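Worksheet for the structure shown next.
As a basis for the values below, the full set of heavy atoms in this structure was taken, side chains included, without hydrogen atoms, waters or symmetry mates. Bear in mind the structure is a predicted one, so any value in this text is a computation, not a measurement. Counting convention: from 1, in listed order, for ligands and their atoms alike.
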Amino acid sequence: MKGILYVISGPSGVGKTSIIEGTLKRVRNLVFSVSYTTRKKRPNEIEGKDYFFVDESTFKSMIERDEFLEWAVVHGNYYGTPKKFVEENLQKGFNVLLDIDVQGAMTVMKKVKDAVYIFIAPPSFDELKQRLIKRGTENEIDLQRRLEDAKKELSYIPKFQYIIVNVNLNESIDQLCSIIVAEQLKVERFIERLGEYRIFEEGGKADARCGA
Ligand SMILES: Nc1ncnc2c1ncn2[C@@H]1O[C@H](COP(=O)(O)OP(=O)(O)OP(=O)(O)O)[C@@H](O)[C@H]1O
Ligand SMILES: Nc1nc2c(ncn2[C@@H]2O[C@H](COP(=O)(O)O)[C@@H](O)[C@H]2O)c(=O)[nH]1
């Protein structure tokens with residue numbers, strides 16, 4: 001059985017991490033792919049949970065060894081998705097969630113045709129700015145850079161299949177859970193798993209459970 005790849009993108013500070021954390025608590029059979037980055041670790045971040053923090057030469061060696069499903073320079077740092085983790089988990093039948101920028105999403109779109117692409121948008125540019133200021137993780141220069149990048153990132157919305165406007169966090173979590181479950185219930189995906197659906201066998205019963 002093959003799992004589904006869910007790709008979440010959106011500007012910095014829109015609430016992707018918050019929505020993903022809430023969703024992971026509610027949806028079973030769903031795993032989050034922890035990225036590699038050269039960005040400096042924030043005080044509250046945990047190695048291996050938030051990111052694998054590496055230096056630039058380590059990251060570049062990983063690029064040369066083709067260890068990334070995708071990688072990009074985002075807001076001045078390298079970020080990449082570990083190919084082995086994603087492939088192994090999909091193969092085992094787990095659904096995998098990526099939190100990556102729009103450049104990375106475009107790369108994955110070329111490689112993984114049946115992935116699900118979801119854009120998280122802010123209610124307004126001012127609200128995005130306030131969330132970043134309130135989070136307090138960036139200095140003034142980095143904050144301005146992220147806000148500038150946000151304008152370009154929003155122009156990618158038409159390339160995505162779903163959009164969640166993150167006004168209320170709980171509602172956004174509900175919406176992401178709904179998308180995840182709806183995708184699992186698509187007949188075209190179910191047909192791929194028909195071998196596991198044993199209702200027609202003597203004494204057999206349906207095993208077409210979805211993740212939520
Ligand atoms: N719906 C919401 N309303 C108000 N604040 C929110 C909402 N969703 C998230 N936040 C807050 O906004 C800030 C940014 O959220 P978060 O860190 O999840 O964003 P992000 O998209 O993952 O950012 P980045 O791309 O930089 O990792 C956090 O302080 C979070 O608590
Ligand atoms: N292309 C990729 N982008 C990634 C990856 N992991 C995270 N990101 C994106 O980076 C920005 C900034 O994140 P922050 O933690 O420094 O605030 C954010 O938009 C993420 O979506 C990745 O593996 N590839």
Atom-level proximity to ligand 2, residues with heavy atom under 4.0 Å: Gly10, Lys16, Ser35, Arg39, Arg42, Tyr51, Glu70, Ala72, Val74, His75, Tyr79, Gly80, Thr81, Asp99, Ile100, Asp101, Gly104, Arg135, Arg146

Salt bridge Arg145-Glu148, side-chain N to carboxylate O under 4.0 Å: no

Short N-O contact, Lys110 and Glu70, less than 4.0 angstrom: no

Ile180 CD1 to Leu97 CG distance, which is reported to the nearest 0.5 Å: 5.5 Å

N/O donor-acceptor pair under 3.5 Å between Glu47 side chain and Phe53 backbone: yes

Lys/Arg N to Asp/Glu carboxylate O, Glu127 vs Lys134, below 4.0 Å: no

Neighbour count above 12 (heavy atom, 6.0 Å) for Lys159 NZ: no

Every residue of the protein that comes under 4.0 Å of ligand 1, judged on heavy atoms: Pro11, Ser12, Gly13, Val14, Gly15, Lys16, Thr17, Ser18, Arg131, Arg135, Arg146, Asn166, Val167, Asn168, Leu169

Smallest separation among heavy atoms of Pro122 and Leu128, with atom names: CB-CB, 4.0 Å

Presence of salt bridge, Asp126 and Lys129, under 4.0 angstrom: no

NZ/Lys83: more than 12 non-hydrogen atoms of other groups inside 6.0 Å: yes

